[in-house]
Amino acid sequence: MTNPSLTHFNLSKNTHTLDSKAVEDFRRRLKYFFMNPCEKYRARGRKPWKLMLQILKIAITTIQLVSFGLSNEMMVTFKDENLVTFRHLFLKGFKDHRQESYSLYTKADVYDHIHYIINTYINLQNLTVANLAYERVDGEYTPLSVCREFYRNSSIDPGTDTFDIDPHIDKGTKSVDNCSLAAHFNFSLDFKSLLSVNIYLTLKTINLQTVRHHELPDCYDFHIMIMFDNRAHSGKIKVYVENDARIYECRDWNVEGASGKNDYLLLWFDSVVILACLTSLILCTRSVINGIQLQFEFNIFFHAYYNKIVPWSDRMEFVNGWYILIIVSDMLTIAGSALKIGIQTKFLTNYDVCSILLGTATMLVWVGVIRYLGFFKKYNILILTLRAALPNVIRFCCCAAMIYLGYCFCGWIVLGPYHDKFRTLDRVTECLFSLINGDDMYATFLNLRDKSYMVWLFSRLYLYSFISLFIYMVLSLFIALITDTYETIKHHQQDKVPVSQLQAFIAECRDQPESGRYQTDEELTSCCLSPRCCLP
């Protein structure tokens, strides 16, 4: 006859053994999850496909960026040089070394310059050395347009301190085609009510410099606006030249010896980049999802076996920030590569948007290299320090930003009328940031030397207090935060002290990757981790 007490003892022993095995299996599973790719390969023989794919991505995205950067540089240089050309052609007496804005002060100068622009436009083919031509629409040349903006009704008499003005703005436009004579173009301006005179003209050209780099030349439409700005009514009319370029594929082209093979190779290469980034996006998204699922299982496990709630700091360790960084980089690269293909096929001309997307994506890809350096203990301390110090640094920067913004607003209001660096709010922020880094200090003090005594005294108190506060106190505290975090991390690494419950739980697993203990079926572990199986 079986002894009931002995049977109960055997059942308890078997249950305890099963529970202990489930704990060890789950601890081993967690340790495998946090292994680096090389350790995972030694543990289960799985090839580090994501690691190899990221290395491939670093190479191809950098090559793609360099290729696009060279093409973008030629485009930007061509546009900038043409803008300088237009200034020399249409602004009378323009000099490259002119520091101040191009301005006019007399009525005769304004009329003279407007007639000069019209004459230059009509005789452009005989004057310029550039490959410029007039735009033609439906067989007719696009005319030059002179548009005036002025107050609708105004009566201004400064001598009697009286004025009567209607703030509504009227516009008037006159056109001049390239066959007209400038002498027949007569108009008058009421400078008391005049806001601006805008001259619009369109010119066409071809960017031939790309031929030397085995790229097909693009055709350009330059929509030029020359603005005589009198909105301040201060006696100084500022003159601006603005240029808006439209890039498109030339209608009929022939390059001796060119076959278009390079264009097809670039399109094929961009397609490979998109495919690689799409694969990386899928793999990293899957890894993030697996980490989130394992985080929920760990929470259930800890609550069932230890009756404890897992803190959020431990739960967030399952969310790999490097994978999120790679996912963002992949999305930017895919979008930028699609835009690049559109630019190469002349369907799109968003060079700036494409360069921002590809540049940011490549930056994130190279930042992601730090993750693989973190597999080495001597390099890993940098990553751990940045991650641990980031919350305190953000809180510290928020507090320092309040003081910084206070100085920005104060400097803008008080010193703005007297100092060019404080004229606008964005200039103030840039100037103060430069002062924090020790740049241009003497010039900032010097430009306020000849102002009124009260402004001069305030500027000295303002600048000395700002520099002393931010350089000697704020920056020192900022460096101390990071230094303290570095020392803490270094201490934990030397003493090998687990810094969280999760790490302490995993540290109890002594199995090495080469032990073969990780070659187990995970289905039993998953079953034992369900709420019904976990509860004793």
Side-chain angles (χ1 to χ4, degrees), residues 53-86 96 129-132 203-223 243-278 280 326 328-369:
L53 184 59
Q54 298 309 316
I55 295 174
L56 175 65
K57 268 178 50 188
I58 291 173
I60 60 178
T61 55
T62 303
I63 294 172
Q64 181 192 47
L65 183 72
V66 171
S67 173
F68 178 76
L70 295 175
S71 178
N72 190 33
E73 181 183 2
M74 287 188 292
M75 182 273 300
V76 173
T77 302
F78 185 72
K79 288 171 61 177
D80 290 344
E81 290 181 354
N82 273 274
L83 180 58
V84 174
T85 299
F86 297 146
D96 284 331
V129 297
N131 295 319
L132 295 174
L203 296 174
K204 300 169 68 69
T205 189
I206 301 174
N207 185 6
L208 296 177
Q209 65 174 328
T210 57
V211 174
R212 294 182 288 106
H213 300 274
H214 307 288
E215 293 184 20
L216 291 179
D218 294 324
C219 287
Y220 285 72
D221 282 350
F222 287 121
H223 300 279
N243 179 27
D244 182 22
R246 186 178 73 90
I247 307 172
Y248 58 95
E249 186 177 10
C250 295
R251 184 180 305 172
D252 186 16
W253 59 269
N254 179 35
V255 180
E256 191 69 26
S259 61
K261 182 179 179 180
N262 292 330
D263 291 337
Y264 290 116
L265 289 176
L266 285 174
L267 292 176
W268 176 83
F269 184 78
D270 292 333
S271 301
V272 171
V273 173
I274 292 177
L275 181 62
C277 291
L278 186 61
S280 173
I326 293 172
V328 174
S329 172
D330 289 336
M331 291 190 294
L332 293 176
T333 304
I334 292 172
S337 300
L339 274 178
K340 184 173 181 288
I341 292 175
I343 291 172
Q344 289 174 348
T345 55
K346 312 305 177 186
F347 286 107
L348 299 171
T349 58
N350 299 328
Y351 277 89
D352 292 337
V353 177
C354 184
S355 61
I356 291 173
L357 292 175
L358 292 180
T360 306
T362 307
M363 178 189 69
L364 295 179
V365 167
W366 279 96
V367 170
V369 176

*Take Leu265 and Phe269, measure what side chain to side chain contact (heavy atoms under 4.5 Å, CB included) needs, and give me the verdict at the end.*
CA-CA 6 Å; Leu265 289 176; Phe269 184 78; over 6 Å; no
*asked:* Lys340 vs Val273, test: side chain to side chain contact (heavy atoms under 4.5 Å, CB included). Steps then yes/no.
replied: CA-CA 11 Å; Lys340 184 173 181 288; Val273 173; over 6 Å; no
_side chain to side chain contact (heavy atoms under 4.5 Å, CB included) assessment of Ile326 paired with Asp330_ = CA-CA 6 Å; Ile326 293 172; Asp330 289 336; 3.5 Å; yes
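The backbone N or O of Asn131 lies less than 3.5 Å from a partner atom in the side chain of Thr205, making a donor-acceptor pair. In this structure, the side chain of Ser355 engages the main chain of Asp352 through a donor-acceptor pair within 3.5 Å. With hydrogens and angles disregarded, a donor-acceptor distance shorter than 3.5 Å links the side chain of Thr62 to the backbone of Ile58.
Within 6.0 Å of atom OH in Tyr248, more than 12 heavy atoms from other residues, nucleotides or ligands are found, so the atom counts as buried in its surroundings.
In this structure, Val365 and Ser329 approach most closely via the heavy-atom pair CG2-OG, 3.0 Å. In terms of heavy-atom proximity, Cys250 sits nearest to Pro217 at SG-O, 4.0 Å. In terms of heavy atoms, Lys79 sits closest to Ala245 at CE-CB, 3.9 Å. Across Ala361 and Thr333, no two heavy atoms sit closer than the pair CB-OG1, 3.0 Å. The heavy-atom pair separating Ile247 from Tyr220 by the smallest distance is CG1-CE2, 3.5 Å.
For the side-chain contact (heavy atoms from CB on, under 4.5 Å) with Phe222, the lone residue among Asn243, Asp244, Leu83, Thr85 that qualifies is Asn243. With respect to Ser337, the side-chain contact (heavy atoms from CB on, under 4.5 Å) criterion is satisfied by exactly one of Leu357, Ile274, Leu332: Ile274.
Side-chain contact between Gln54 and Ser280: present, with at least one pair of heavy atoms (C-beta onward) separated by less than 4.5 Å.
Taking CG of Leu275 as the reference point, atom CG of Asp270 lies at 12.5 Å (rounded to 0.5 Å). Put simply, CD on Gln64 and CG on Leu358 are 5.0 Å apart, with the number rounded to the nearest 0.5 Å. Rounding to the nearest 0.5 Å places CG of Leu132 at 11.0 Å from CD1 of Ile206. The CG atom of Asn82 lies 8.5 Å from the CG atom of Asn207; values are rounded to the nearest 0.5 Å. We find the CZ-NZ distance between Arg246 and Lys204 to be 7.0 Å, quoted to the nearest 0.5 Å. Put simply, OG1 on Thr362 and CD1 on Ile63 are 11.5 Å apart, with the number rounded to the nearest 0.5 Å.
Using a 30° and 60° split on the angle between ring planes, Tyr351 and Phe68 fall in the parallel class, below 30°.
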